[in-house]
Peer 1: 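Before anything else, here's the structure in question.
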Amino acid sequence: MRSASLFTAGLLALSNVIAASSPTEVQQRSAHKRWNDTPGFVYAEDGKFKIDGKDFFFAGTTAYWLTQVQCNDDITKTLDDVAADDLEVVRIWGFREVVGETNDDPATYTQQWVNGEQKCNQGGIDRIKFILDEAQKRGIFVQIVLTNNWAPNFPANATAKFPPGYLSNSYGGIDTYVQQVIKPGCDRDAFFTDEAVKNAYKKWLSCIIPQISSHKALFAWELANDPRCKGADGTTTSGNCNAQTITRWTADTAKFVKSLDPNHMTASGDGGFYCTDCEKLFPRNPAQNVNKRGSKRTGYLTAAMVREQNKARQKATSSFKRENDGGDLGPGYDGSCSIDTEDILGIPEIDLSTFQFFPDQNTYTVDGKASDGPPAGGAGGDNFQQTLDAGLQWIQNHAETAQVFGKPSHLTAMGLVNEESRANFVPFSSTFVADTVADPDTDPDADPETDPNTDPDTEGYNVRLVKRAQHVSNNSQQRRGYGGWANQSVKSGIGGITNYQRGQKNLKGRDYGKRSIEERQNRYRNSGSDSQGFSPDDGYRITNAGTRTIFKNTGKKQKRKSGRDSG
């Protein structure tokens with residue numbers, strides 16, 4: 001392991017290539033000077049996104065895989081289709097780390113670790129710059145995610161099912177830094193506290209950010225997708241990590257990003273989880289409040305407010321089990337996910353609020369009470385009304401939080417697995433398709449130590465998580481969910497509404513052979529044939545015309561709110 005001082009020296013050595021101001025100097029500047037002086041940049045002001053002084057409400061999509069396609073024509077085709085769907089922001093993974101020597105296309109990864117040495121790969125960054133250039137031609141902005149919380153250990157044979165870059169969690173991420181800088185098996189929350197690991201991440205930021213800091217097509221930097229103390233295995237944590245740990249890391253990292261790029265917005269990327277009883281490290285300034293849209297709340301969301309919401313929702317849902325009387329808050333609000341989204345929003349260098357909604361993988365309220373992972377009864381079937389209502393409550397709470405802090409909000413991702421996509425559903429904390437995994441809690445013949453369909457390193461954690469998530473929505477319920485949540489977001493004043501995930505067909509692939517990201521099939525998967533050139537699918541891919549229309553109409557509504565012609 002290299003010492004923190006050596007990493008610091010390495011960062012300083014970059015100064016002859018990258019001119020980066022210190023965080024102190026950034027704070028002394030006029031805020032967002034480039035936004036005021038140069039047209040075309042997106043910025044945050046008075047609780048809204050703005051471009052050239054005009055409101056910018058939008059709908060968008062997550063195409064995390066866009067850096068991995070095998071030819072540039074597939075990038076331009078995807079962006080053409082995104083623009084045709086009235087979607088104006090594309091969220092991508094702006095990172096992929098490979099460990100060891102590789103024969104991968106140099107345009108598909110951004111960092112390489114060889115014998116503990118960290119190398120920035122210019123080919124991958126050039127691919128990101130190409131995406132930005134092409135997006136700008138089409139009036140699209142790009143939100144770049146800089147690392148990921150979810151990176152399960154992939155078994156040796158996993159690539160036979162899922163090529164590198166196919167699943168959203170196969171790009172490396174937080175665990176890769178810890179394993180390379182310290183050692184495998186180390187407590188993964190060291191990413192947020194160990195100085196050497198933090199400096200390794202800052203070295204990566206120092207590589208990519210200055211090269212893009214002047215690009216108008218960049219919407220915002222996202223520090224991490226869904227950061228949490230726990231990772232995929234749910235176990236390798238020190239026990240000392242909590243919501244304040246993540247908040248401190250976010251504040252330090254956001255300040256560093258601003259020192260490299262004061263021109264663009266910085267977002268945490270957190271999933272929006274509340275910690276209503278947590279002490280705040282960055283108390284809200286009452287002067288921040290831009291409560292102009294009829295919000296009933298003028299301060300923090302409290303536990304009492306959440307309990308009242310739970311009781312009201314439970315009373316309206318006749319099928320709800322009455323033993324849950326609203327006394328519990330639910331994992332979305334009780335701090336158990338190690339995120340305090342309100343404290344994060346109080347950080348001066350954080351420009352916007354972020355939140356997500358994945359009811360097949362997370363429990364948000366006391367409905368179908370679960371301490372971790374997805375609701376025990378699943379998100380669909382007889383539980384769907386509870387799922388729908390929990391999402392409406394979640395969105396409204398975040399809209400009011402953003403208004404209270406006077407910062408715009410971005411629903412960075414929402415997804416709902418349906419009956420058609422369940423055969424491809426791979427949870428972010430897993431490497432296996434849901435339908436291929438047995439549950440040792442209900443199947444006495446299933447053994448996570450010997451079953452070839454399980455990852456023995458997880459000690460059954462992923463197995464239980466996947467099985468519990470299999471009660472999915474039917475097609476009608478999925479459309480009701482997406483439509484209801486999108487409408488609630490527009491009505492509540494959410495600035496950005498982004499679905500997960502973008503689906504594309506007829507991509508050409510390497511050498512125009514219609515093999516997008518070298519998609520390969522086997523007896524465990526059913527995600528379309530190679531000849532159709534599908535984009536990746538981890539259970540959320542949106543290709544259905546009816547579902548796409550929901551988000552296209554949302555884009556039109558957002559454009560009208562901005563005073564722009566929706567076409």
Side-chain angles (χ1 to χ4, degrees), residues 42 44 48-49 56-67 82 87-95 135 140-150 168-169 171 173-174 218-228 246 250 253-254 257 264-274 332 337 339-342 344-345 347 350-362 364 391 394-399 401-402 405 407-416 428 481-482 485-486 488-490 492-502 538 540-542 551 554-555 558:
V42 184
K48 297 180 181 180
F49 298 118
F56 179 56
F57 291 92
F58 66 88
T61 187
T62 297
Y64 68 81
W65 46 266
L66 197 56
T67 57
V82 167
L87 305 178
E88 298 181 277
V89 172
V90 176
R91 182 170 172 260
I92 68 170
W93 277 196
F95 66 94
I140 295 172
F141 293 92
V142 181
Q143 181 155 318
I144 298 179
V145 184
L146 293 163
T147 193
N148 192 11
N149 187 73
W150 305 108
S168 66
N169 59 18
Y171 286 62
I174 285 174
L218 177 63
F219 178 80
W221 297 108
E222 188 173 322
L223 301 184
N225 173 57
D226 197 15
R228 308 190 200 183
I246 308 298
T250 303
T253 308
V257 169
H264 293 99
M265 295 181 294
T266 299
S268 67
D270 70 89
F273 299 103
Y274 288 88
C337 291
I339 288 293
D340 185 347
T341 194
E342 292 180 305
I344 288 173
L345 198 53
I347 298 170
I350 293 296
D351 299 291
L352 63 144
S353 72
T354 59
F355 66 107
Q356 304 176 356
F357 191 63
F358 287 102
D360 293 285
Q361 304 199 52
N362 298 305
Y364 294 88
W394 186 248
I395 290 166
Q396 182 61 31
N397 283 335
H398 278 281
T401 293
F405 278 85
K407 297 182 180 182
S409 55
H410 185 188
L411 173 52
T412 56
M414 63 171 164
L416 191 62
F428 303 141
Y482 282 145
W485 298 329
Q488 181 68 30
S489 298
V490 173
S492 301
I494 299 295
I497 305 163
T498 299
N499 64 42
Y500 185 93
Q501 67 203 78
R502 182 70 186 177
D538 56 16
Y540 294 105
R541 182 175 64 195
I542 295 174
F551 290 105
T554 302
Q558 291 286 77

Peer 1: Nearest 0.5 Å please: distance from the OG1 atom of Thr498 over to the CD atom of Gln143.
Peer 2: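 The OG1 atom of Thr498 sits 7.0 Å away from the CD atom of Gln143.
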Peer 1: Could you check whether the rings of Phe56 and Phe219 sit parallel, tilted or perpendicular, using 30° and 60° as the cut-offs?
Peer 2: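 Phe56 and Phe219: tilted rings.
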Peer 1: Is the Phe58 ring parallel, tilted or perpendicular to the His410 ring (thresholds 30°, 60°)?
Peer 2: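 Because their plane-to-plane angle is over 60°, the rings of Phe58 and His410 count as perpendicular.
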Peer 1: Tyr274 and Asn397: which non-hydrogen atoms are nearest, and at how many Å?
Peer 2: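 Distance-wise, the nearest heavy atoms are OH-O, 3.2 Å.
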Peer 1: Hey, does Tyr500 have a side-chain heavy atom less than 4.5 Å from the side chain of Asp538?
Peer 2: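 A side-chain contact exists here, since the closest heavy-atom pair is under 4.5 Å.
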Peer 1: Please work out which of the three classes, parallel, tilted or perpendicular, describes the rings of Trp93 and Phe95, given edges at 30° and 60°.
Peer 2: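 Correct class here is parallel.
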Peer 1: From Gln356 CD over to Trp394 CH2, what is the distance, rounded to the nearest 0.5 angstrom?
Peer 2: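 So the CD of Gln356 and the CH2 of Trp394 are separated by 10.0 Å.
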Peer 1: Between Asp351 and Thr266 (side chain of the first, backbone of the second, donor and acceptor by atom type, cut-off under 3.5 Å), is there such a pair?
Peer 2: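 Judged by distance alone, yes, a pair lies under 3.5 Å.
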Peer 1: Please confirm whether the backbone N or O of Ile494 pairs with a side-chain atom of Gln558, one donor and one acceptor, at under 3.5 Å?
Peer 2: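 Answer holds: yes.
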Peer 1: Taking all non-hydrogen atoms of both residues, which atom of Pro359 and which atom of Gly415 are closest, and how far apart?
Peer 2: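 Nearest heavy atoms, Pro359 then Gly415: CD-O, 3.5 Å.
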Peer 1: Considering all heavy atoms of both residues, which atom of Gly269 and which atom of Thr354 are nearest to each other, and what is their separation?
Peer 2: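 Heavy atoms of Gly269 and Thr354 come nearest at N-OG1, 3.3 Å.
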Peer 1: Under a 3.5 Å threshold, yes or no: a donor from one side chain and an acceptor from the other, between Tyr171 and Thr67?
Peer 2: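 No donor-acceptor contact under 3.5 Å links the two side chains.
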Peer 1: Grab the two heavy atoms, one from Ser492 and one from Gln396, that are nearest each other, plus how far apart they are.
Peer 2: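 Minimum heavy-atom separation between Ser492 and Gln396: OG-OE1, 2.7 Å.
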Peer 1: Supply the atom-to-atom distance Thr62 OG1 to Arg502 CZ, rounded to the nearest 0.5 angstrom.
Peer 2: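 So the gap between those two atoms works out to 11.5 Å.
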Peer 1: Apply the side chain to side chain contact (heavy atoms under 4.5 Å, CB included) test between Phe355 and each candidate in Asp270, Ile395, Thr412, Thr341; give the one that qualifies.
Peer 2: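 Per the side chain to side chain contact (heavy atoms under 4.5 Å, CB included) rule, the option paired with Phe355 is Ile395, out of Asp270, Ile395, Thr412, Thr341.
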Peer 1: Mind listing the closest non-hydrogen atom pair of Leu223 and Thr147 along with its distance?
Peer 2: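 It is O-CG2, 3.5 Å.
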Peer 1: Which heavy atom of Asn149 sits nearest a heavy atom of Asp226, and at what distance?
Peer 2: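 Nearest pair, atom of Asn149 first, then Asp226: CB-O, 3.0 Å.
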Peer 1: side-chain contact (heavy atoms from CB on, under 4.5 Å), that's the test. Do Leu411 and Trp485 meet it? Break it down for me.
Peer 2: CA-CA 10 Å; Leu411 173 52; Trp485 298 329; 5.7 Å; no
Peer 1: Walk me through whether Cys337 and Arg228 qualify under side-chain contact (heavy atoms from CB on, under 4.5 Å).
Peer 2: CA-CA 7 Å; Cys337 291; Arg228 308 190 200 183; 4.1 Å; yes
Peer 1: Can you tell me how far the CG atom of Leu345 sits from the CZ atom of Phe405, to the nearest 0.5 Å?
Peer 2: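 Reported to 0.5 Å precision, the distance equals 5.0 Å.
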Peer 1: Drop me the distance from Glu88's CD to Thr61's OG1, to the nearest 0.5 angstrom.
Peer 2: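 Nearest 0.5 Å value for the CD-OG1 distance: 13.0 Å.
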Peer 1: Can you sort out the partners of Thr554 under side-chain hydrogen bond (donor to acceptor under 3.5 Å, both in side chains), two or more places apart, ordered by chain and number?
Peer 2: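 For Thr554 there are no side-chain hydrogen bond (donor to acceptor under 3.5 Å, both in side chains) partners, ignoring immediate neighbours.
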Peer 1: What verdict does the side-chain contact (heavy atoms from CB on, under 4.5 Å) test give for Tyr64 and Asn225, after you've listed the backbone C-alpha separation in whole Å, the side-chain angles of each residue and the deciding distance to 0.1 Å?
Peer 2: CA-CA 11 Å; Tyr64 68 81; Asn225 173 57; over 6 Å; no
Peer 1: Return the CE to CD1 distance between Met265 and Ile350, rounded to the nearest 0.5 Å.
Peer 2: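 Result: 11.5 Å between the selected atoms.
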